[in-house]
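The block underneath contains the structure these notes are about, expressed in structure tokens.
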There are 2 protein chains.
Amino acid sequence: MAGIRAKQKEKTRQALINAAMNQLSAENGFSSLSLREVAREAGIAPTSFYRHFRDMDELGLTLVDECGLALRQLLRQARQRIESGGSIIRVSIETFMQFVADNTATFRLLLQERSGRSRSFRLAVVREIDHFKAELEDYLVNEQSFTRELAELQSDTIAKIVFSAGADCFDVDEEEREIITEKTIQQVRLVARGAEATRRLLKRES
Amino acid sequence: MAGIRAKQKEKTRQALINAAMNQLSAENGFSSLSLREVAREAGIAPTSFYRHFRDMDELGLTLVDECGLALRQLLRQARQRIESGGSIIRVSIETFMQFVADNTATFRLLLQERSGRSRSFRLAVVREIDHFKAELEDYLVNEQSFTRELAELQSDTIAKIVFSAGADCFDVDEEEREIITEKTIQQVRLVARGAEATRRLLKRES
DNA sequence: CAAAACAGCGTACACCTGTTCGCTGAATGT
DNA sequence: ACATTCAGCGAACAGGTGTACGCTGTTTTG
């Protein structure tokens with residue numbers, strides 16, 4: 001009843017996922033890693049792979065999903081930390097950058113497959129980024145009283161900045177990462193100021 | 001004396017480059033395309049490939065270089081169109097977007113390999129993006145009288161926005177591309193306004 | 001307790017890969 | 001005119017790839 005069988009299956013499924021992440025963290029793009037090697041690192045026969053995933057692509061999509069999920073959870077935690085005092089911009093970006101540092105392999109997959117490979121891959125990545133934008137947009141409307149339109153423009157801009165900054169962190173050491181983090185904070189503030197100025201501009205016109 | 005031999009060599013070298021670009025425009029990432037297939041499409045024997053490139057990587061780096069070079073030339077042309085009247089932001093971004101539409105394959109390579117594969121690849125891509133930033137930065141300092149510091153922050157931000165927007169154009173039709181272009185223009189204006197506000201803020205402090 | 005389900009294995013197959021090696025014939029240099 | 005250079009070729013090799021098939025031994029179900 002405990003499902004000792006299902007439990008074991010889940011375990012090797014995770015082993016496959018971990019194996020794929022490890023191989024990814026090297027220098028190989030996802031498309032250039034092979035079913036056999038992943039299976040080998042997971043400690044199972046190549047043919048057993050098919051008991052868990054139809055394809056390598058199906059595994060890849062799972063990775064993308066998991067990465068996005070983890071990121072969202074983390075940012076939701078950060079949101080709580082903000083409510084008990086702290087700059088929204090600083091806390092969010094520091095959290096984000098820490099996430100990238102901890103999950104370099106999968107985040108790299110995210111960005112890499114964003115502009116490559118199969119359509120389904122790209123759609124999955126876009127979906128994750130859209131989640132990020134939507135949450136930010138809602139915040140700007142509800143807490144900062146921006147128009148929906150201006151909030152949309154702003155959140156899209158910030159998402160572009162932040163995800164690009166994430167990509168800049170891949171090769172660098174911790175010291176450089178902090179520099180990038182500070183720069184990103186300044187850039188997001190630049191956008192926030194621009195949005196504020198635009199809001200005032202629009203008010204004056206009406 | 002005409003170099004009929006060298007001319008033929010250059011011709012098949014271009015054939016190889018074109019073949020690689022074609023295969024790239026499909027759905028395969030660069031890392032997943034093979035020397036043999038590229039040679040086949042170029043119409044030469046696999047072994048003859050080595051007369052032109054040591055590696056597939058060497059071919060890839062050539063592609064990155066060519067893409068960056070073409071982009072820079074195009075933007076320099078755009079610069080001249082601006083001097084004879086026209087919004088700097090609008091003309092630049094429309095030019096950029098047109099470039100992406102015309103060179104989707106190589107631009108995709110640029111962005112894809114930006115966060116993947118070998119170190120040398122990434123450095124080459126970063127170098128191209130840095131060119132873009134540097135030219136923009138100089139413009140902001142010389143023509144708009146920004147501080148070097150604020151110009152650097154601004155150009156870096158704009159580069160992130162514009163290159164991300166380029167990536168968004170990959171799958172879409174022309175209609176959607178125009179929408180993205182307009183959005184990008186607004187976003188860059190947002191940043192420009194933010195920078196302007198920041199400049200005034202700093203002046204007041206001193 | 002017997003029967004069914006099923007995760008994992010090993011073998012086998014056809015195919016594609018990068019790269020070595022020695023050859024050819026035409027363009028070049030002298 | 002002869003010797004040299006050298007882009008391109010074909011054959012061959014060792015190794016990797018995805019996947020089909022049928023077999024196990026254990027867990028689950030009835």
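Every chain is numbered from 1, with letters handed out A, B, ... down the list of sequences. Heavy atoms only: backbone and side chains are in, while hydrogens, waters and symmetry mates are out.
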Nearest-Å distance for atom pair CD/P, residues B/Glu58 and C/dT19: 12 Å

Between C/dG10 (P) and A/Ile44 (CD1): distance, integer Å: 12 Å

Check: A/Thr104 side chain, A/Ala101 main-chain N or O, donor-acceptor pair, under 3.5 Å: yes

Along DNA chain C (nearest heavy atom to each residue), the more 5'-positioned of A/Pro46 and B/Ala6: A/Pro46

Euclidean distance, atom NZ of residue A/Lys7 to atom P of D/dT28 [Å, nearest integer]: 10 Å

Between C1' of D/dG8 and NZ of B/Lys11, the distance in whole Å: 15 Å

Listed nucleotide nearest any side-chain atom of B/Ser48, set D/dC9, C/dT28, D/dT19: D/dC9

Whole-Å distance separating the CZ atom of A/Phe49 from the P atom of D/dA20: 13 Å

Heavy-atom donor-acceptor pair, A/Arg108 side chain to A/Ala167 backbone, under 3.5 Å: no

Length of the line joining B/Arg51:CZ and C/dA27:C1', which is rounded to integer Å: 15 Å

Short side-chain N/O contact to D/dT19 OP1/OP2 from A/Thr47, under 4.0 Å: no

Residue A/Arg5, side-chain heavy atoms: nucleotide from D/dT28, C/dT17, C/dG8 that is nearest: D/dT28

Derivation and outcome, side-chain contact (heavy atoms from CB on, under 4.5 Å), residues B/Met56 and B/Phe49: CA-CA 9 Å; B/Met56 277 297 286; B/Phe49 179 95; 3.8 Å; yes

B/Arg36 side chain, from C-beta outward: closest of C/dT17, D/dT27, C/dG8: C/dT17

Side chain of A/Tyr50 - closest among D/dT19, D/dA7, D/dC6: D/dT19

Under 4.0 angstrom between B/Thr12 side-chain N/O and D/dA7 OP1 or OP2: no

Whole angstrom value for the distance that separates P of D/dT19 from CG of A/Asp55: 7 Å

Value in whole Å for how far the C1' atom of C/dG8 lies from CG of A/Leu16: 12 Å

Side chain of B/Ile4 - closest among C/dG18, C/dA27, D/dT28: C/dA27

CA sep, side-chain torsions, deciding dist, call: B/Gln112, A/Gln112, side-chain hydrogen bond (donor to acceptor under 3.5 Å, both in side chains): CA-CA 5 Å; B/Gln112 209 164 254; A/Gln112 208 163 254; over 6 Å; no

Donor-acceptor contact below 3.5 Å, side chain B/Thr12 vs main chain B/Ala15: no

Short side-chain N/O contact to D/dT17 OP1/OP2 from A/Arg40, under 4.0 Å: yes

Residue B/Gln8, side-chain atoms from C-beta onward, closest of C/dC6, C/dA7, D/dG8: D/dG8

